[in-house]
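Presented below is the structure to which this report refers.
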Amino acid sequence: MEEIHWADVIAEDLLKKSKKHRIATGITPSGHIHLGNLREMLTADAVRRAVIDKGGEAELIYIADTFDPLRKRYPFLPEEYEKYVGMPLSEIPDPEGCHKNYADHFLEPFLESLEILGIPVKVEKADEMYKEGRYEEAIRTALKRRDDIARIIEEVTGRKLEEDWYPFMPLCEECGRINSAKVTGFDDKWIYYRCSCGHEGKASYRGGGKLTWRVDWAARWKILGITCEPFGKDHAAAGGSYDTGKRLAREIFGIEPPYPIPYEWINLKGVGAMSSSKGIVIPVREFLDVLPPEIVRYIIIRVKPKKHIDFDPANLLELVDEFEEGIKKKDRAVELSLVGDVEYSDIPFRHLVVVGQIAKWDLSKVFEILERTGYKIDEKARRDVERRIKYAKNWLEKFAPKRLKFEIAESVDPSTFSEDEKRFLRTFAERLSDDMKPEDIHNLVYQVANELGLKPAKGFQAIYKAILGKNYGPRAGYFIKMLGIEWVKNRFMQISCE
RNA sequence: GGGCUCGUAGCUCAGCCAGGUAGAGCGACGGGCUUUUAACCCGUCGGUCGCGGGUUCAAAUCCCGUCGAGCCCGCCA
C-alpha cells in the first residue's frame, strides 16, 4: 500500500473546502529564531506546496508579532534592557544597534533564512497592521462585545476574568509599556486607560494598543482571510488558545476558524526543547551555513507535525544518507524538501566529508580525488560538489563527532612503535617511488606485509599511526599519494631509523 | 485534573486514518570483496506489535479499558 505524506493528506482536506488557501504562520521575534520555530514555517510550506501540487492555490503569510511586549530581560540582553520590559518589540532599540529596532534585529536574519529555504512568505508586521488601522474594526467589535468575549473565554478556559477586564491592551503614552494599562472606558474616537505608572490617557484605535492574545489571534484570521494555520501544541491543549479562538471566530467575528495543524516541539538531543528564553538555541541562520537547505527542510518535513523530533546534530550523516536514498526513490518527503532546481550527483555527502579533509578543502584536489575514486565529474557533478563541499566542511567543524575528523600529526614519537612496525615502515618507504599510482601504493602494503610475515592490517595500522597518530584513516593509497611520496618516505624513515 | 504523542526485531523507527500472511535501516552472526573513517555485495538470526477485553470471517490497525514514558495546558512555536 502506498504511503501518503502528511502534507498531502492535509492538502486533500483543505481542497475539499476551497481551491484557494492562505496559510498563516507567526513567530514572535523576541530572540533568535531557531530550528524549533522553523517547524511552523516548514509545516506551512509543505502544505502550501502540496496544495499547489494538487492544482489548488496557496500562499503563506508570516505575521511577526512585533507589537508584543518584551516579556522579560532575557539572559542575552544587557542589564539596561530591564527598562524596556513591557514595551512593544517594535519600539525598543536593537540590542546590537544594527537594525531599526529590536524586532527587526531578530526578524531580518530569519527572513533571510526563509529565502534560502525557499519559503515564499508575505510578511506582515503586527505593529504596522495596528498603526495602519487594519485592526480598527476588530478592536471596535471586541470592545463593544467585551461581555460575550469574556463569557467565551471563561467557558472555554474555566478561569474567571476580572470585572474590569477588557480585550485590549493600551500602549501607555507616558511609560511606553503595552502591558501595564487598563481600559477604563471607550467611545467612538478613543479608548481611555489608566496605567500602573500613574498616567491616565486615551489611546487611538490605530496603534494605540493591541488586542489581547486570544482575541488578536481570531481577529487576524478575519483581517487576513486565513484558512489554515499551524501552531504549537501549547495552543492546541484543551482550553488553550485555539479552542477559544475557534469560538471567538464564529461567535464574535463571524468567520470559520482556519484549519488547524498542531505540531510538536523539536528537542535538541541531550539538551531539551529549543527555547529562546532558555537560551537553548541554534539560530536558523547559523544552521544554514552547516547544512544545505533541502536537508534542513527534510529534518522537519519527514516527520508528522504531531510527533516530536529529537534532533542530534552529530547524527546527521544518517539522515543525509536517508535523504540521498530518497532522491533515488523519489520519496515524497524528499520531493517536498528540495529547493529550486538543485540537482544531486551520485556522490554521497559522507564521501565529501572524507575527501574534503584529505584535500584540505582545496576544490581542484577534491575533484582529482573524486575522479580517482571512480566518480565521473561532469558539469552537474561539478556544480553539486562545489555547493555541497562547503557544507561538508562547516558541518565537520561544527557538529561532526571526533572520530570522523583526522589531522596530520606534526610529529610522532618513534618509541611508540614496535620493531615489527618499524621494520614494515622502513621496507615500505624504501619501496615507495614517485611514479606509483594510488592503487600500486595500496597493493604495496599487502606485498610488504606478506614479505615480512605480518598481517596486512598491521601494516595499515602502522601507516596511520605514523601519519595521523591513530590506527585508522582514509584509504591508504590515495591518502599517501595526496600527502606526497617524499614527505611520507621521510616521515617513515625518521620513525624506523631511530 | 484536562490535552497531545509514543509503546512493533538488540537499537532507531515505518506500517494504523481507508482491517486481509508482521516491514526497513542499523547492529549481531556467516560468507565474499587483496580491512579503511559509520564502504560495498550476498545470506542468516531476530517480534506473545505494552497489557486486558470488545467488534469482525479476519485486528498491530477500529472501539472500550488499563499500565508505562515524554511533552503541553501562566499570552515563548
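Residue numbers begin at 1 in each chain, while the letters A, B, ... track the order of the sequences.
Following rounding to the nearest Å, A:Asp13 (CG) and B:rA18 (P) show an atom-to-atom distance of 11 Å. Look at CZ on A:Phe231: it is 21 Å from P on B:rC71, rounded to the nearest Å. Atom P of nucleotide B:rG7 and atom CG of A:Asp310 are separated by 14 Å, given to the nearest angstrom. Computed from coordinates, the A:Glu322 CD to B:rA38 P distance equals 20 Å when rounded to whole Å. Going from atom NE2 of A:His308 over to atom P of B:rG3 covers 21 Å, rounded to whole Å. Look at CD on A:Glu325: it is 10 Å from C1' on B:rG25, rounded to the nearest Å. Taking atom CG of A:Leu316 as the reference point, atom C1' of B:rA38 lies 14 Å away to the nearest angstrom. Counting to the nearest Å, the C1' atom of B:rC73 and the NZ atom of A:Lys233 are 10 Å from each other.
Here, B:rG68 and B:rG74 have their P atoms 25 Å apart, quoted to the whole Å. Rounded to a whole angstrom, the distance from the P atom of B:rU34 to that of B:rC26 is 22 Å. Look at the P atom in both B:rA60 and B:rG23: the space between them is 13 Å, to the nearest Å. The separation of B:rC16 from B:rU35, taken at their C1' atoms, amounts to 44 Å, rounded to a whole angstrom. Only the P atoms considered, B:rG20 is 11 Å distant from B:rC62, to the nearest whole Å. When the P atom is compared between B:rA59 and B:rC4, the two are found 27 Å apart, to the nearest whole Å. For the P atom pair drawn from B:rG52 and B:rG70, the interatomic distance equals 24 Å after rounding to whole Å. The C1' atoms of B:rG47 and B:rA22 are separated by 8 Å, rounded to the nearest whole Å.
When ring centroids are compared, A:Phe231 and A:Tyr242 come within the 6.0 Å threshold.
At least one test fails for A:Lys182 against the ring of A:Tyr166: distance under 6.0 Å to the centre or angle within 45° of the axis.
Within 6.0 Å of the CD atom in A:Glu115, the count of heavy atoms belonging to other residues, nucleotides or ligands does not exceed 12. No more than 12 heavy atoms of other residues, nucleotides or ligands lie within 6.0 Å of CD in A:Glu162, so this atom counts as exposed by the packing criterion.
Comparing B:rC72, B:rC76, B:rU36 by their nearest atom to the side chain of A:Thr28 picks out B:rC76. Closest to the A:Lys307 side chain, of the nucleotides B:rA14, B:rU36, B:rG3, is B:rA14. With B:rG15, B:rG2, B:rC71 as the choices, the nucleotide that has an atom nearest any side-chain atom of A:Lys304 turns out to be B:rG15. Here the side chain of A:Glu318 is nearest to one of B:rU35, B:rA38, B:rG3, namely B:rA38. With B:rG70, B:rC76, B:rG2 as the candidates, the nucleotide lying closest to the side chain of A:Glu264 is B:rG70.
Residues A:Asp45 and A:Arg297 are paired through a salt bridge, judged by an N-O separation under 4.0 Å between the basic side chain and the carboxylate. Salt-bridge formation is not detected for the pair A:Lys307/A:Glu264: no Lys NZ or Arg NE/NH1/NH2 atom is positioned less than 4.0 Å from an Asp or Glu carboxylate oxygen. Under the 4.0 Å criterion applied to side-chain N and carboxylate O atoms, A:Arg146 and A:Asp164 are not assigned as salt-bridge partners. A salt bridge links A:Arg332 to A:Glu335: one of the charged nitrogens lies within less than 4.0 Å of a carboxylate oxygen. A salt bridge links A:Asp384 to A:Arg388: one of the charged nitrogens lies within less than 4.0 Å of a carboxylate oxygen.
A:Met41 comes within 4.0 angstrom of nothing in the nucleic acid, heavy atoms only. Counting any heavy atom pair closer than 4.0 Å across all strands shown, A:Arg302 reaches no nucleic acid atom.
Distances shorter than 4.0 Å separate none of the side-chain N or O atoms of A:Lys72 from OP1 or OP2 on B:rG74.
Scanning RNA chain B for stems, defined as runs of 3 or more consecutive Watson-Crick or G-U wobble pairs whose donor-acceptor distances all fall under 3.5 Å, gives the following ranges: B:1-7 with B:67-73, B:10-13 with B:23-26, B:28-32 with B:40-44, B:50-54 with B:62-66.
Annotation: of the two residues near RNA chain B, A:Asp234 and A:Ala238, the 5′-most nearest-nucleotide partner is A:Ala238. Two residues, A:Val354 and A:Arg39, neighbour RNA chain B, and the one matched to the more 5' nucleotide by heavy-atom proximity is A:Val354.
For a distance-only test at 3.5 Å, the side chain of A:Lys306 fails to qualify as a donor-acceptor partner of the base of B:rC4.
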